[in-house]
A.B. asks: 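Before I ask anything, here is the structure I am working with.
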Amino acid sequence: MKKLIALLLTCVLSASVLTGCGNADKYPNGKVYVYNWGEYIDPETIEMFEKETGIQVVYDEFDTNETMYPKVEAGTSRYDVVCPSDYMIQKMVDNDLLAELNWDNLPNAKANIGEQYYEQSLAFDPGNKYSVPYCWGTVGILYNTKMVDGPVDSWSILWDEKYADSILMQDSVRDLFMVALASLGYSLNSTDEAELQEAKELLIAQKPLVQAYVIDQVRDKMIGNEAALGVIYSGEAIYTQRENPDLAYVIPKEGTNVWIDSWVIPKNCQNKENAEKFIDFMCRDDIALMNFDFITYSTPNTAARELIEDEDIKNSDIAFPDLSLYKLETYSYLGEEADTLYNELWKEIKSN
Amino acid sequence: MNKKMLSLPYLFWCAAFILIPLFMVVYYGITDKTGAFTLENICAIATAEHSKALWISILLSLISTLICLLLAYPLAMILAHMNVNQHSFVVLIFILPMWMNFLLRTMAWQTLLEKSGVINSVLEFLHLPALNIINTPSAIILGMVYNFLPFMVLPIYNSLTKIDPNVINAAKDLGANGFDTFIRVTLPLSVPGIISGITMVFVPALTTFVISTLLGGSKILLIGNVIEQEFTQTGNWHLGSGLSIVLMIFILFNMILSAIFDKDGEGNTL
């Protein structure tokens, strides 16, 4: 009995000590729960936000749109701000998961984000009711100029047996199928079963040449000279080139996906006001610039782009390409039936 | 204080974290999206991709279990014959890596095995041929053996130390040589430890999805990967649960086997 009392006492004491150093004083204005892509923000901007607003940021990360969706849908972890891509925003709108933004609370978003990005967003967010663009880019091939001969300009190099075991593909369903669909000349939003079967066969034929299906690791493996070719988002190109000057990024001539990742507020959020404050803070030109410098993904924040000091980067073809030069297509949400088909075919590729 | 009261937290734990989740898995497994009863999710194991994934998982985990057993038994014997001070140190060395996070240890292997990784750099320096097992089934087996070996060593070691030395002495007195003693006395008496070691290695190996993702480069789909994908990517919890039920049947079968051989449960006490 004495032991039990001692044990209970210890528990009570340690509990009170732990709660004693609570955050109530430091963060008088509550919390905001943010769910963003991995390594997709400059951590310093979060600290600045906390200091300026007195709102504590609880930050979580995901690695694909598909892993994000079930968590937000289930509503077990209630996020206030999420950063999905275009087609996933459309899916969330269709399934009534998003709250409408109050644009009066988002002055920076209105002033600083380029008009063309709002126009582009209309495709998945009609009326610009739900989303504020955060980053955008293309998907292309990152290659090591020392390991690959000649200029790369086509997806077909990913089927070249010379580079067996040196090719990295994306481990996410849409980005994997996109490569095959683009090489076949089909729409990246194809829902035609025959076309998708053909794409699947092409990807199965490629599998023996693939070193690994990975997501964020493409970056580190390419920097470490682990592979010769990798499918990657354009935003990683500047960063990887900084770390390893042998790397080059190219948008293949057959065309590719152009995407926008935007801030949205889920309907089941806990504090919409703080969420809007967070989004607007991220749209401030100096903050957007910090984030651009840190993650090197193209920013739709025209005010921030004006502030970039390095002229080469400011006018870089990779960070801010002239979209009219390429054949580009944005993903759209394909509906539940097509989703299931994609997933089944993906499983067939992986189990092959 | 009533002794029964002390078991309350445990009962609560059981209900909240074992029974209710299990019930939910079964519920999801035998219903479809509309909530109607169906066996489709369980029968889905018969499709080509799923049965192939299950088959590879069983094969890889059987191989890993066998390798673990072959490595662990001699080691457990050596440990059992050491004096107290020595063996606690060696056991500590074995348990020490388990204090580190499982994911970290597996990722470390990734870095070690990579084409331009640590092991290949050393091999290259010594002008030896490179080791190219990353992203192959061999790398997955290596990961399983490395991660689960302690779970094989400890139960076997435990059952070996429980063998009364007088039994061994009696065998020797009766004229058995070292080999006979091992085959006819030591080995049969350590069967409970072996069985519980096999369970403790086979079950996690069968269900793993992290090891195959990290060391297999997502190129080899194990049944654990299929289930994980259904929950996290596809969002089809019903199919994921149905396949989990199939997997549970295999695990249950394994546990029945261990219950038959290990009646006293002595191999389980560490």
A.B. asks: Please flag which part of B:K219 lies under 4.5 Å from any non-hydrogen atom of chain A: side chain, backbone, both or neither.
C.D. replies: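 Interface part for B:K219: both.
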
A.B. asks: Is there a donor-acceptor pair closer than 3.5 Å between any side-chain N or O of B:T161 and the backbone N or O of B:N158?
C.D. replies: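 Yes, the answer is positive, given that a donor and an acceptor are paired below the 3.5 Å cut-off.
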
A.B. asks: Side chain from CB out, backbone as N, CA, C, O: work out which of these in A:T64 comes under 4.5 Å of a heavy atom of chain B, or both, or neither.
C.D. replies: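 A:T64 touches chain B through side-chain heavy atoms alone.
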
A.B. asks: For the pair A:R219 and A:E236, find out whether any cationic side-chain nitrogen is under 4.0 Å from an anionic carboxylate oxygen.
C.D. replies: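 Salt bridge flag = yes for A:E236 with A:R219.
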
A.B. asks: With a 6.0 Å cut-off on ring centres, are A:Y333 and A:F124 close enough?
C.D. replies: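 No - the distance between ring centres of A:Y333 and A:F124 does not fall below the 6.0 Å cut-off.
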
A.B. asks: Walk me through it: do B:Y146 and B:W109 pass the test ring pair (Phe, Tyr, Trp, His ring centres under 6.0 Å)?
C.D. replies: CA-CA 9 Å; B:Y146 170 75; B:W109 270 110; 5.6 Å; yes

A.B. asks: If I measure from the heavy atoms of chain B, does A:K71 come under 4.5 Å with its side chain, its backbone, both, or neither?
C.D. replies: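 Looking at A:K71, nothing touches chain B.
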
A.B. asks: Relative to chain B, which of A:A212, A:A74, A:P70 shows the most heavy atom pairs under 4.5 Å?
C.D. replies: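 The candidate making the most pairs under 4.5 Å is A:A212.
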
A.B. asks: Is B:Q110 in contact with chain A via its backbone, its side chain, both, or neither, using a 4.5 Å heavy-atom distance?
C.D. replies: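 Only the side chain of B:Q110 comes within 4.5 Å of chain A.
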
A.B. asks: Where on B:L239 is there a heavy atom nearer than 4.5 Å to chain A: the side chain, the backbone, both, or neither?
C.D. replies: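 Contact with chain A involves the side chain of B:L239 alone.
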
A.B. asks: For A:D339, is it the side chain, the backbone, both, or neither that has a heavy atom closer than 4.5 Å to a heavy atom of chain B?
C.D. replies: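 Neither part, no heavy atoms under 4.5 Å.
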
A.B. asks: What about A:W259 and A:Y87, are their ring centers closer than 6.0 Å?
C.D. replies: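 So the answer is no for these two rings.
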
A.B. asks: Using 30° and 60° as the class limits, which term best fits the ring planes of B:W237 and B:F231: parallel, tilted or perpendicular?
C.D. replies: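 It falls in the tilted class, 30° to 60°.
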
A.B. asks: Under a 4.5 Å heavy-atom cutoff, which of B:T232, B:T213, B:I56 has the most pairs with chain A?
C.D. replies: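 Looking at each option in turn, the highest pair count goes to B:T232.
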
A.B. asks: Check this for me, if you would: do A:K91 and A:E73 make a salt bridge, where the nitrogen-to-carboxylate-oxygen distance has to be below 4.0 angstrom?
C.D. replies: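 No salt bridge links A:K91 with A:E73.
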
A.B. asks: Using non-hydrogen atoms and a 4.5 Å limit, figure out which bit of A:D171 sits close to chain B: side chain, backbone, both or neither.
C.D. replies: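 Looking at A:D171, just its side chain touches chain B.
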
